[in-house]
Structure formats: structure tokens, C-alpha cells
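Throughout, a chain's letter reflects where its sequence line sits, starting with A, and its residues are numbered from 1. Everything numeric in this text was worked out from a predicted model, so none of it was measured. Side chains are part of it too, since the values below use all heavy atoms of this structure and drop only hydrogens, waters and symmetry mates.
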Amino acid sequence: NAGVTQTPKFQVLKTGQSMTLQCAQDMNHNSMYWYRQDPGMGLRLIYYSASEGTTDKGEVPNGYNVSRLNKREFSLRLESAAPSQTSVYFCASSDSGTSGRGGYQETQYFGPGTRLLVL
Amino acid sequence: QKEVEQDPGPLSVPEGAIVSLNCTYSNSAFQYFMWYRQYSRKGPELLMYTYSSGNKEDGRFTAQVDKSSKYISLFIRDSQPSDSATYLCASIYGNNRLAFGKGNQVVVIP
């Protein structure tokens with residue numbers, strides 16, 4: 001089991017360029033998440049997908065789009081990168097039950113992260 | 001105001017000391033609380049998980065939740081250099097989303 005994988009590991013973009021961050025999980029989890037982590041700000045939720053075919057905005061969705069391609073894959077797209085999007089991006093997945101009330105089995109598992117620098 | 005507050009200050013302790021980390025939360029509906037550990041340049045990994053109030057022990061780690069004061073704590077006994085990491089508290093809310101604290105960087109000095 002690879003768990004949650006992310007590509008690329010590191011990327012440098014110029015302002016205005018676009019790119020897609022890829023995430024895949026092999027744990028058959030229903031839910032997937034994209035976070036960004038910035039110094040002094042902690043982890044902030046960008047978008048999440050509670051199940052295949054659904055996506056919802058999180059805390060900081062502006063400037064991003066997502067696609068839940070299938071149950072395994074959840075991609076994050078920056079259409080026109082800005083320096084403010086310089087961050088470390090983490091994908092996570094969880095096996096959320098129908099209640100969504102939480103439980104140990106619904107713990108989120110994180111990928112290794114993508115470091116993005118926008119010049 | 002974030003729903004989970006964690007003073008993000010770094011903490012340096014000598015090897016063998018007890019590490020004490022704290023968070024507060026504002027939403028009375030929170031019932032499930034976690035501590036994640038994040039090593040440098042890695043993703044967070046679940047360290048401890050507790051439900052409602054009380055203590056939970058796992059080896060050198062103890063997680064404590066006091067729902068009356070909305071306080072979450074993590075204690076690390078006999079700290080080791082391998083415990084040097086950032087520790088993030090979190091709680092689950094709607095649709096299995098996590099509200100995270102900002103994290104505490106802990107350095108255990110040999």
C-alpha cells in the first residue's frame with residue numbers, strides 16, 4: 001500500500017502560469033481533501049470531496065479548482081498562479097462513514113506534500 | 001477566530017523532559033480530537049485520537065480532553081530526540097472535515 005501519493009514533489013512557476021497537482025490514494029477511501037500549509041497559519045482546507053462525484057469549497061478556495069476524477073484521484077488546479085499561492089500543498093483521504101460524525105476509522109491520512117514556489 | 005486555537009510558539013526541551021502541549025477549541029459540538037505529528041518536510045501523521053472527555057495513553061504519549069473548559073492537551077514523557085517534530089491538534093466537524101491548530105514545533109535536545 002502506497003497510501004496517499006502526490007506529484008510533483010516540488011514545482012516552480014511564474015506568475016500567471018497554470019498547473020495541476022495530482023493526488024491518488026489506494027486505500028479505497030470515500031473522502032479526499034486538499035490543504036495548504038503556510039508558516040504561522042497551520043493547515044487550511046482548500047477543497048474537499050466527500051465522495052466520488054462531489055466537491056465542496058473549504059476555508060480558502062479562491063484561485064483554485066478541483067476535479068474528483070474517480071474514487072482514487074483528486075486533482076487541484078491553479079489556473080493563473082500568484083505569489084500568494086506559494087505554499088506546501090497536502091492531499092489527504094479518509095474513509096468517512098455515512099454519518100460523517102467522525103470515528104477512528106474516519107481519520108485523515110496525508111500525502112508527502114508538494115512544495116510550490118510562484119515567482 | 002479559528003475553531004481550534006494553538007499557540008504556535010516553538011518549544012525546546014532537554015532529552016528526558018516532559019513535553020506539554022495545549023489547544024483550546026470553541027465549538028461545543030466537537031467530540032473527536034486528534035493530535036497529528038509532522039516531521040520536517042513530511043505530511044502529518046495521526047499520533048493520538050480521543051473521543052469526548054478523558055485521558056488516553058499510548059506508550060510515552062498521553063492525550064487529554066477537558067470538554068468543560070474546551071481544552072485539549074498532549075503530554076510526552078521521557079522525550080527523545082526522535083520526538084522532535086511539529087505537533088498539530090485537530091477536531092472533526094461537518095462532513096468529516098478537520099479543524100487544525102497552527103502547530104507547535106518541538107525540539108528535543110540530546
Heavy-atom proximity to chain B below 4.5 Å, by part of A:Q6: neither
salt_bridge(A:R36, A:D38) N-O dist < 4.0 Å: yes
Atom pair CD/CG of B:Q64 and B:L21 - distance to nearest 0.5 Å: 12.5 Å
Test item: side-chain donor near acceptor, A:S94 and A:Y33, under 3.5 Å: yes
Nonpolar side-chain network containing B:Y71, other nodes, edges under 4.5 Å: none
Close side-chain approach of A:V66 to A:R68, heavy-atom, < 4.5 Å: no
B:R77 with B:E57: basic N within carboxylate O range, under 4.0 Å: yes
Contact residues of residues 112-119 of chain A (partner chain B; heavy-atom separation under 4.5 angstrom): A:P112, A:R115
Side chain to side chain, B:W35 and B:C89, heavy atoms closer than 4.5 Å: yes
Chain A-proximal positions within residues 36-43 of chain B [heavy-atom distance under 4.5 Å]: B:Y36, B:Q38, B:R41, B:K42, B:G43
Could you list the donor-acceptor pairs under 3.5 angstrom formed by side chains in residues 103-110 of chain B, with sequence neighbours left out?
residue	atom	partner	partner atom	Å
B:N104	OD1	B:Q6	NE2	2.9
B:N104	ND2	B:D7	O	2.4
B:N104	ND2	B:G9	O	3.0

Check: B:S79 and B:I18 side chains under 4.5 Å, non-hydrogen atoms: no
Student check: side-chain heavy atoms of A:Y48 and A:Y35 closer than 4.5 Å: no
